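Remarks on the structure that follows.
Labels below follow one simple rule: chain letters A, B, ... track the order of the sequence lines, proteins then strands, and each chain is numbered from 1. Hydrogens, waters and symmetry mates play no part in the numbers below; they use all other heavy atoms, side chains included. Nothing here was measured: the structure is a model prediction, and the numbers come from that model.
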Amino acid sequence: MDEQIRELVADVLDLDEDKVTAALSPDDTEYWDSMNHLRLVTALEEEFDIKLTMDEVQSIENVGDIYAVVKRHKGEQ
Amino acid sequence: MDKIQKQQIKQATDWDELVATLREIEKSDFTSRDIELIFRNIERLKSEGGSKIAFLANHTLDLLPNYLSIFSALENVKTEHYVAPYNQYFQEFLTESSGLLEFDADIIYLDLSIPGLSPKINHLFLQLDNEQKKQELDRIVDSIQKLANLSKQKTNATLLVANFVQPSCPKAGIADFQLGFGEVEWYTRLNLKLIELFRDDARVFVVDKNNVLSRQGKLTSSSAKMYYIAKMELNEQALSELSLELVRYLKAIKGLTKKCLVLDLDNTLWGGVVGEDGIDGLKIGKGYPEGEVFYDLQAYYQSLKQRGVILAIASKNNAEDAEEVFREKSDMPLSLDDFAIRKITWNTKNHSIEEIANSLNIGKDSIVFIDDNPVERELIQNTLPEVGVPDLPSDPTGYLGVLQQKNYFEKLFITEEDTNKLEQYKQNAQREELKNDISDINEFLSGLGTVLTMEMASVKQLPRVHQLFTKTNQFNVTTQRYDASKIEQFITEDKWHLMLFSVTDNFGDMGTIGVVLLEQGPDDIHIDSFILSCRAMGRGIETAVMNTLKQRYLLSGNKRVMTAKFIKTQKNKPAEKYFEQQGFSVNEVADDNEKNYTISASCAELLACPEMKMIIGD
């Protein structure tokens with residue numbers, strides 16, 4: 001699943017996949033702005049058929065947080 | 001999009017290649033995860049000189065330019081964008097060298113919503129009195145008028161003003177219409193005011209955002225979460241839909257409107273192939289499914305003509321056969337005169353289209369070509385790529401929906417030359433009259449402007465007659481299911497009178513809606529079948545028809561007596577008392593399910609029925 005998320009993040013932020021690490025955060029790339037943060041959320045919700053809560057959306061600070069939140073929704077630890 | 005498509009987009013080396021790549025992708029495959037990638041590649045390859053579009057809003061519209069940019073690229077239109085800072089719509093006009101004024105927009109899209117404009121209306125609607133509601137409405141209209149004036153004074157742009165989205169769930173619930181000045185009424189009046197304000201303005205146009213969002217459904221147009229986090233009122237799906245609407249304006253403003261619609265004939269204007277099925281075998285006209293599909297399509301093409309689109313024909317056919325269809329088939333919205341030019345030959349269609357373009361002196365890029373045959377469409381797409389060729393589904397019931405979604409013929413105005421205004425004014429006057437009190441059913445029916453035409457059936461009407469015999473269940477006195485050869489006999493043999501009746505009224509043409517089959521004896525006449533389509537029931541048609549029969553056969557002295565039969569079925573209850581009501585008497589009850597009736601010339605009376613104009617043919 002991490003791989004699927006990495007591909008998606010790379011698409012939305014238009015990055016090479018190898019640049020997408022768990023530590024990647026908005027500070028590291030110019031395209032991860034507040035609008036693309038929302039687009040990232042929409043794309044994740046579409047891709048994995050989940051609905052993030054408002055708190056979750058606001059608490060995502062890096063790609064690692066995305067892995068965690070998607071897994072929580074899909075019931076995987 | 002799949003990986004290969006993404007690679008192609010990233011590797012495109014120029015604008016044309018990118019546009020060609022994008023056009024290969026289904027629009028529904030542009031998902032949220034792809035938008036940024038496509039947008040950035042459009043930005044990478046577009047040259048200077050695109051249409052400049054500025055966005056002013058009091059909610060977050062920052063993602064709209066991405067969608068607009070992509071949907072414009074699909075039309076081969078380049079765009080540049082400026083999104084004004086949130087909520088700064090007045091400042092942007094009033095501040096010297098603001099971003100907006102520096103940008104020098106061709107188009108300004110102003111999208112204000114009620115939460116930002118009027119917290120009172122948004123939250124406290126039920127606590128306001130009518131005067132306060134009116135004040136808020138006037139204040140908002142006044143602001144928009146001021147913004148429109150500023151736009152005209154300070155910029156060279158065309159201003160597009162979004163109207164206001166009516167709430168799906170009014171605060172007063174279903175009692176909203178009873179409030180005196182309810183929420184839906186408030187929004188409706190506000191939107192109406194905008195239409196009135198800018199109707200005659202050549203630089204300001206209202207965008208029907210309320211309707212655009214309704215197309216996909218207001219409840220799926222927004223995400224509450226995104227609204228609370230970012231004041232994003234429209235989700236990506238809604239932004240995509242709104243962009244498609246804005247592209248219509250963009251094309252109209254840039255004059256990219258197509259001028260001419262070239263139509264195929266067989267299976268495009270009517271169902272069937274005239275050379276194989278013959279005129280009688282073609283499916284066109286009201287009253288049966290296949291006929292109505294093509295009737296509606298023809299009516300749509302007719303309405304495009306009213307909008308000023310030139311109609312033309314490119315068909316592989318014998319010209320005489322095709323032209324005869326127009327002469328013989330009366331139940332068609334289009335006539336030969338509606339077409340500016342007709343190429344009905346055995347030449348290839350790319351050749352015909354080139355000839356059409358030449359004789360009309362228009363570019364091939366001003367032409368749209370409609371053909372049911374994918375091979376012909378492919379041919380035109382390959383030989384004349386500048387011609388618009390909509391892809392059609394295999395089932396003709398889907399054609400109209402596809403064509404209505406297209407933006408080929410959008411214009412900002414339809415001029416007097418484009419259309420025949422006189423006809424519209426006439427119809428409106430008639431509807432106004434109908435609005436007056438309708439208390440009495442006869443008065444109502446008399447006001448419909450019904451014209452009932454009765455005529456002897458001819459062989460060319462056989463398909464429709466056959467259908468009435470086989471499909472009508474309710475108002476059918478004997479439910480005899482005759483086959484086509486039998487019906488042909490009724491039409492041609494003197495002993496039988498097969499009469500058809502058709503109805504038109506102020507609202508349109510219902511087509512052939514009934515049939516009566518009479519068998520002549522030496523001094524009597526027998527009603528073998530009497531059939532009325534359910535669409536025409538309850539309008540006094542059955543009485544008017546019987547009056548005509550009485551007149552024609554009995555009161556004229558032609559026959560001494562008229563007889564009839566009713567055979568009960570599971571479904572024909574609506575016709576059960578018909579003959580009694582018309583003054584017939586029962587002379588024999590064969591069994592529970594069958595009754596025989598008679599009426600003599602001396603007893604026959606004409607019965608009262610709603611006013612209608614009668615046209616009796618031979």
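- Heavy atoms of B/Met232 lying under 4.5 Å from chain A belong exclusively to its side chain.
- Between B/Arg33 and A/Glu46 there is no salt bridge, since no side-chain nitrogen of the basic residue lies less than 4.0 Å from a carboxylate oxygen of the acidic one.
- With a threshold of 4.5 angstrom between heavy atoms, A/Ser34 does not approach chain B through any atom at all.
- Heavy-atom pairs under 4.5 Å with chain B peak, among A/Leu40, A/Leu13, A/Leu52, A/Thr53, at A/Leu52.
- Of the two parts of A/Glu47, only the side chain, counted from C-beta on, holds a non-hydrogen atom closer than 4.5 Å to a non-hydrogen atom of chain B.
- More than 12 heavy atoms of other residues, nucleotides or ligands shown are found within 6.0 angstrom of CG on B/Asp14.
- A heavy-atom distance below 4.5 Å is found between the side chains of A/Val57 and B/Ile229.
- More than 12 heavy atoms of other shown residues, nucleotides or ligands fall within 6.0 angstrom of atom CD in A/Glu17.
- For the pair A/Val12 and B/Arg40, the tightest heavy-atom approach, listed with the atom from each and the gap, is O-NH2, 3.9 Å.
- The CG atom of A/Asp11 sits 6.0 Å away from the CG atom of B/Leu37 when rounded to the nearest 0.5 Å.
- By the 6.0 Å contact criterion, OH on B/Tyr228 is open, its count of non-hydrogen atoms from other residues, nucleotides or ligands being 12 or less.
- Among A/Val41, A/Leu44, A/Asn36, the residue making the largest number of heavy-atom pairs under 4.5 Å with chain B is A/Asn36.
- Checked for salt-bridge contact, A/Glu45 and B/Lys225 meet the test: a charged N lies under 4.0 Å from a carboxylate O.
- Using a 4.5 Å cut-off between heavy atoms, B/Ser223 does not touch chain A at all.
- Of the atoms belonging to B/Asn41, not a single heavy atom falls under 4.5 Å from chain A.
- No more than 12 heavy atoms of other residues, nucleotides or ligands sit less than 6.0 Å from atom CD of B/Glu24.
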